[in-house]
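First comes the structure, then the notes that go with it.
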Amino acid sequence: MNIIVILFLVSCSARTTKQERRFPDDFLFGTATASYQIEGGWNADDKGENIWDRITHNNPTVIKDQSNGDIAADTYNNYKRDVEMMRELGLDAYRFSLSWSRILPNGLANKVSEAGVAFYNNYIDEMIKYGITPMVTLYHWDLPQKLQDLGGFVNPLFPEWYEDYARVVFEQFGDRVKHWITFNEPREICYQGYDTTTKAPQLNATGIGVYICAKNLVMAHARVYHAYKNDFAPSQGGVCGITISVNWFGPKTDSEEDQLAAELTRQGEWGLYAEPIFSEDGGFPKELSEKVAQKSIEQGYPRSRMPEFTDDEKAFVKGATDFFGVNHYKSVLISATENLKEHVVPSFYDDIGTGTYVPDDWPASASTWLKQSPDSILNALTHLKDKYNSPVIYITENGWSTSPDAGLVDDDRIRYYRAALESALDALDAGVNLKGYMAWSLMDNFEWFAGYTERFGLYQVDFEDPARTRTPRKSAFVYKQIINTRVIDHEYEPSSMTMTIDEGH
Ligand code: GBH
């Protein structure tokens with residue numbers, strides 16, 4: 001009798017919590033990857049060289065294990081296996097990026113590669129065949145080298161080149177692809193690539209490069225958005241947005257100066273790219289642009305190092321998006337007075353002038369920059385909701401790294417994903433217009449300057465094996481269960497490590 005009552009109570013309470021916290025049926029669950037990180041085939045057919053081919057070949061010591069993406073996970077030859085993995089997981093959607101120089105070997109649109117287009121047609125068709133929604137990023141960091149030789153993102157013609165490329169892409173793939181993302185992570189393109197040496201093309205134009213790049217990038221995004229809306233969306237019927245890395249930067253204390261410091265940091269880290277597109281006023285973020293203007297004059301520059309948008313440009317860019325793609329990994333606490341570092345003058349971090357702080361007791365991943373942070377997604381997304389009038393949001397990346405020898409039982413990754421998805425549910429409860437979630441990543445891949453020393457995959461990839469065999473980690477089974485049930489069951493343990501494709505996928 002007693003046992004029956006207890007069993008009844010247990011099953012009842014389990015059911016109510018599950019029913020309270022459910023992801024909607026039309027919520028898009030997926031995984032994300034990027035061309036240079038997985039494809040390989042770096043010189044297949046007539047593909048042109050890009051800036052990651054160039055840096056890894058000419059300057060390999062900047063990569064931690066001196067590796068490159070020449071073969072990577074060899075998706076160029078394994079794309080059917082990739083789609084099989086998507087079906088195993090039961091994904092609704094798959095986010096991947098196109099290699100510009102695979103499609104346009106010269107960067108410019110005078111020549112379209114048949115082989116490059118055929119590869120992406122095959123990949124997309126294979127997804128469509130199994131009901132998986134492709135979400136395509138036009139640019140995830142692999143600029144054609146020929147365009148870099150002309151200055152890349154800081155050449156004033158960049159927005160034109162980018163629109164030419166995008167039009168080719170929409171013409172070729174827009175009949176099947178209905179979710180477009182223009183850029184992945186402008187901050188990493190502009191700050192890391194042009195203001196520092198931490199990403200290709202390592203321009204290191206401190207305090208200058210980031211701002212010129214930011215304006216050109218935002219203008220290029222808007223051109224492509226308008227081209228799509230005017231000339232493709234009416235017949236193709238899709239949506240077009242941008243993905244920005246929005247980690248949470250909260251004040252270390254409640255003091256007014258820490259709050260202002262946190263705001264300045266947010267303006268620099270992601271507001272430079274979000275504000276011109278999503279804000280009411282348009283243009284670069286106010287406090288930061290005033291600060292940079294003032295410092296520039298003090299430093300002897302004839303004008304601000306941060307360019308301005310004309311009124312016409314502001315109007316062109318404002319509202320030029322259908323959604324806000326958010327790559328979110330962590331939180332950082334910001335102080336106006338503590339942990340201030342010496343920075344080169346001029347430079348982006350000298351301009352911002354705030355200190356960062358990460359509590360010691362937040363769990364650490366294999367990446368020095370990544371710690372599991374409480375309420376991180378909730379804080380970031382409710383902030384965007386309040387600031388920008390409830391935009392449609394997709395989380396286009398979120399994930400956790402383990403070390404190469406950590407194997408298949410990745411309980412720390414599972415803990416991270418469960419906490420992140422709880423935080424996403426909190427955001428949904430708070431009224432955030434969140435439509436989907438893409439886990440980074442479907443499989444292990446080339447992790448930029450970290451090479452293959454950090455692994456983000458739900459599937460492990462054996463990079464010693466010419467076949468680049470993929471094997472599901474424990475987290476793959478847990479993610480599959482969440483997608484299938486729309487519920488986060490913290491007790492769930494996979495009964496075996498054998499993956500199958502369920503009916504309907
Ligand atoms: C994403 O960036 C990228 O879109 C994706 O390609 C990448 O694989 C994934 O993260 C995992 O890293 O080395 O200390 O200078 C996330 C934001 C910003 C995280 C730059 C790594 C480098 C820190 N990234 N950061 S450091």
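In each ligand, atom 1 is the first atom listed, and ligand 1 is the first ligand listed.
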Take atom NZ of Lys146 as the centre, draw a 6.0 Å sphere, and report whether it contains more than 12 heavy atoms from other residues, nucleotides or ligands. no

Shortest protein heavy-atom distance from [atom], along with the residue and atom involved:
atom	answer
atom 18 (C) of ligand 1	Glu188 OE2, 3.1 Å
atom 21 (C) of ligand 1	Trp369 CE2, 3.2 Å
atom 1 (C) of ligand 1	Glu397 OE1, 3.0 Å
atom 16 (C) of ligand 1	Glu185 OE2, 3.2 Å
atom 9 (C) of ligand 1	Tyr329 OH, 3.3 Å
atom 8 (O) of ligand 1	Glu447 OE1, 2.7 Å

Report the part of [X] (side chain from C-beta onward, or backbone N, CA, C, O) that has a heavy atom under 4.0 Å from ligand 1; answer both or neither where that applies.
X	answer
Glu454	neither
Trp141	side chain
Asn445	neither

Salt bridge check: are Arg266 and Glu263 linked by an N-O gap of less than 4.0 Å? yes

Polar-atom distance check: [X] versus ligand 1, any N or O pair below 3.5 Å?
X	value
Gln37	yes
Lys199	no
Ser245	no
Thr198	no

Ring centres under 6.0 Å, that's the criterion: do Trp180 and Tyr225 meet it? no

Would Gln460 and Arg455 count as a side chain to side chain donor-acceptor pair (under 3.5 Å) here? Give the steps. CA-CA 8 Å; Gln460 181 185 65; Arg455 305 295 174 89; over 6 Å; no

Those atoms of ligand 1 less than 4.0 Å from some heavy atom in Asn184: 4 (O)

Can you sort out which atoms of ligand 1 are near Gln192, meaning under 4.0 Å from one of its heavy atoms? 15 (O), 20 (C), 22 (C)

Against Trp141, only a single residue in Phe183, Trp448, Phe446 fulfils ring pair (Phe, Tyr, Trp, His ring centres under 6.0 Å); can you say which? Trp448

Considering the options Trp100, Trp42, Phe449, which one meets the ring pair (Phe, Tyr, Trp, His ring centres under 6.0 Å) requirement together with Trp52? Phe449

We want to know whether Asp45 and Tyr76 form a side-chain donor-acceptor pair, criterion being a heavy-atom distance below 3.5 angstrom. yes

Would you say the side-chain atoms of Ser245 and Glu188 include a donor-acceptor pair closer than 3.5 Å? yes

Is any side-chain heavy atom of Arg473 closer than 4.5 Å to a side-chain heavy atom of Tyr459? no

Going by salt bridge (charged side-chain N to carboxylate O under 4.0 Å, His left out), Arg470 matches just one of Asp462, Asp82, Asp74. Which one? Asp82

